[in-house]
Amino acid sequence: MSELDDRLHDYVRQLFTDHDDLLGSLMPAAERAGLPQISISPEEGRVMQILLRAIGARKVLEIGTLGGYSAITMARALPPGGRLITLEREPMHAAFARDWVRRAGLEYTIDVREGAALDLLPGLAAEAPFDVTFIDADKPSYPQYLDWALRYTRRGGLIIADNAFRAGAILDPAQADDAGVTAVLEFNRRFAAEPRLLSSILFGRDGMAVGLVLGD
Ligand code: SAH
Ligand code: DHB
Ligand code: MG
């Protein structure tokens, strides 16, 4: 990103972020706890809230919780009685997220489930359809997560996936053999060509693919 792009991102963040919010303390606490600093950005979070509200989302599935930043952000856009299930493989991340979900007063809205997503997803079919499926875990599994999302996200719902650009690696010939890169490229190709989706990639922190589910 150019320096001007960076300054414009900062400008949007300053203007639209509530700086007294609990989420402002979650990020530095996550860093102190040794979690990677790879959550969605505050300005992307606001866009996700707009998207969730726009489709009237009540039931959301997230694949890849980390410290709970995106889960708490999305849960706040749900109506009373809304539910968000989020899947996390690392016990330390799941424990941190549960702690912050409690601090946010969302323990009855957000359900952090610990385990590898591909092991947990079959059991989630019984709780489908979801209004939104947000994919943000291990990149090599993105095509499998897309298969699941296309099957279990309702018509009029959204499939969203972070890291559609892989920090630019998708255009770098030197990284063409990387398993994460080839999987995200496959994901993006299918996302674009899928007749059941109206889709694009938003230019956020690292490219956020957004697809509206049109039907079968
Ligand atoms: N959505 C979060 C960021 C997620 S980072 C936010 O924006 O706040 C990716 C997370 O996915 C990491 O915590 C990682 O441990 C988890 N993860 C990676 N592979 C996974 C898998 N196979 N199943 C479940 N979680 C996984
Ligand atoms: C990585 C994963 C993410 O979900 C992200 O947003 C940024 C980086 C990673 O695994 O490197
Ligand atoms: Mg991500």
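Just so you know, ligand 1 is whichever comes first in the structure, and atom 1 is the first atom listed for that ligand. Atom set for the values below is all heavy atoms of this structure, side chains included, hydrogens, waters and symmetry mates excluded.
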| task | Any chance you could lay out the side-chain contact (heavy atoms from CB on, under 4.5 Å) test for Phe203 and Asp5, step after step, and finish with the verdict? | result | CA-CA 11 Å; Phe203 282 71; Asp5 285 341; over 6 Å; no

| request: Apply side-chain hydrogen bond (donor to acceptor under 3.5 Å, both in side chains) to the pair Ser199 and Glu194, showing each step before the final yes or no. | output: CA-CA 9 Å; Ser199 60; Glu194 173 57 58; over 6 Å; no

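The Mg ion (ligand 3) sits nearest to atom OD1 when only the N, O or S atoms of Asp136 are considered.
Using a 4.0 Å cut-off between heavy atoms, Tyr145 contacts ligand 1 through its side chain alone, with no backbone atom that close. Counting heavy atoms under 4.0 Å from ligand 1, residue Thr65 touches it through the backbone alone. When heavy-atom distances to ligand 1 are checked against a 4.0 Å cut-off, His93 comes that close only through its side chain, counted from C-beta outward.
The nearest heavy-atom contact from the protein to atom 7 (O) of ligand 1 is Ile40 N, 2.9 Å. The nearest protein atom to atom 12 (C) of ligand 1, hydrogens excluded, is given as Glu88 OE1, 3.5 Å; this is a heavy-atom distance. For atom 11 (O) of ligand 1, the closest non-hydrogen atom on the protein side is Gly64 CA, 3.4 Å. Scanning the protein heavy atoms around atom 23 (N) of ligand 1, the nearest turns out to be Ala117 N, 2.8 Å. The protein heavy atom nearest to atom 6 (C) of ligand 1 is Ser70 OG, 3.0 Å. Closest protein heavy atom to atom 9 (C) of ligand 1: Asp136 O, 3.1 Å. Remark: minimum distance from atom 20 (C) of ligand 1 to any protein heavy atom is reached at Asp138 OD1, 3.5 Å.
Between Asn163 atom OD1 and Asp162 atom OD2, the angle centred on the Mg ion (ligand 3) amounts to 90° (nearest 10°).
Looking at ligand 1, you won't find any N or O of Ala116 less than 3.5 Å from one of its N or O atoms. In terms of polar-atom proximity, Arg89 is counted as a contact of ligand 1, with an N or O under 3.5 Å from an N or O of the ligand. Ligand 1 has no nitrogen or oxygen under 3.5 angstrom from a nitrogen or oxygen of Phe134. Not one N or O of Ala137 is nearer than 3.5 Å to an N or O of ligand 1, by distance alone.
Not a single donor-acceptor pair under 3.5 Å links the side chain of Glu88 to the backbone N or O of His93. For the pair Arg76 (side chain) and Leu106 (backbone), a donor-acceptor distance under 3.5 Å is absent. Looking at Asp206, its side chain does come within 3.5 Å of a backbone N or O of Arg166 through a donor-acceptor pair.
Ligand 1 lies within reach of Gly115, whose nearest heavy atom is under 4.0 Å from it.
With salt bridges taken as basic N to acidic carboxylate O contacts below 4.0 Å, none links Asp119 and Arg89. Under 4.0 Å is where a charged nitrogen must lie from a carboxylate oxygen, and between Glu114 and Arg98 at least one such pair does. We find that Arg103 and Asp99 are joined by a salt bridge, their nearest charged nitrogen and carboxylate oxygen being less than 4.0 Å apart. Salt bridge annotation for Arg102-Glu107: absent, with no cationic side-chain nitrogen under 4.0 angstrom from a carboxylate oxygen.
Inter-residue side-chain proximity for Ile135 and Phe187 is flagged as met; some heavy-atom pair is nearer than 4.5 Å. Within the 4.5 Å cutoff, side-chain heavy atoms of Tyr142 are placed close to those of Asn163.
Test Asp131, Thr153, Leu87, Thr86 against Leu61 for side chain to side chain contact (heavy atoms under 4.5 Å, CB included) and you get one pass: Leu87. Partner Arg13 forms a side-chain hydrogen bond (donor to acceptor under 3.5 Å, both in side chains) with one of Glu44, His19, Glu43 and no other, that one being Glu43.
In this structure, Trp100 and Phe96 have parallel ring planes: the angle between them is below the 30° cut-off, well short of the 60° mark.
Below 4.0 Å from some heavy atom of Ser39 lie the following atoms of ligand 1, by number and element: 6 (C), 7 (O), 8 (O). Taking a cut-off of under 4.0 Å to the non-hydrogen atoms of Leu66, the atoms of ligand 1 that pass are 2 (C), 3 (C), 4 (C), 5 (S), 13 (O). Each of the following atoms of ligand 1 lies closer than 4.0 Å to a heavy atom of Glu62: 1 (N).
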Protein N/O near ligand 2 N/O, under 3.5 Å, which pairs?
residue  : atom  : partner : partner atom : Å
ligand 2 : 4 (O) : Asp136  : OD1          : 2.9
ligand 2 : 4 (O) : Lys139  : NZ           : 3.0
ligand 2 : 4 (O) : Asn163  : OD1          : 2.8
ligand 2 : 6 (O) : Ile38   : O            : 3.2
ligand 2 : 6 (O) : Asp162  : OD2          : 3.0
ligand 2 : 6 (O) : Asn163  : OD1          : 3.0
ligand 2 : 6 (O) : Asn163  : ND2          : 2.7
ligand 2 : 6 (O) : Arg205  : NH2          : 2.8

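By the neighbour-count criterion of 12 heavy atoms within 6.0 Å, atom CD of Gln37 is densely surrounded, having more than that number from other residues, nucleotides or ligands.
A donor-acceptor contact under 3.5 angstrom links the side chains of Asp138 and Tyr145, judged on distance only.
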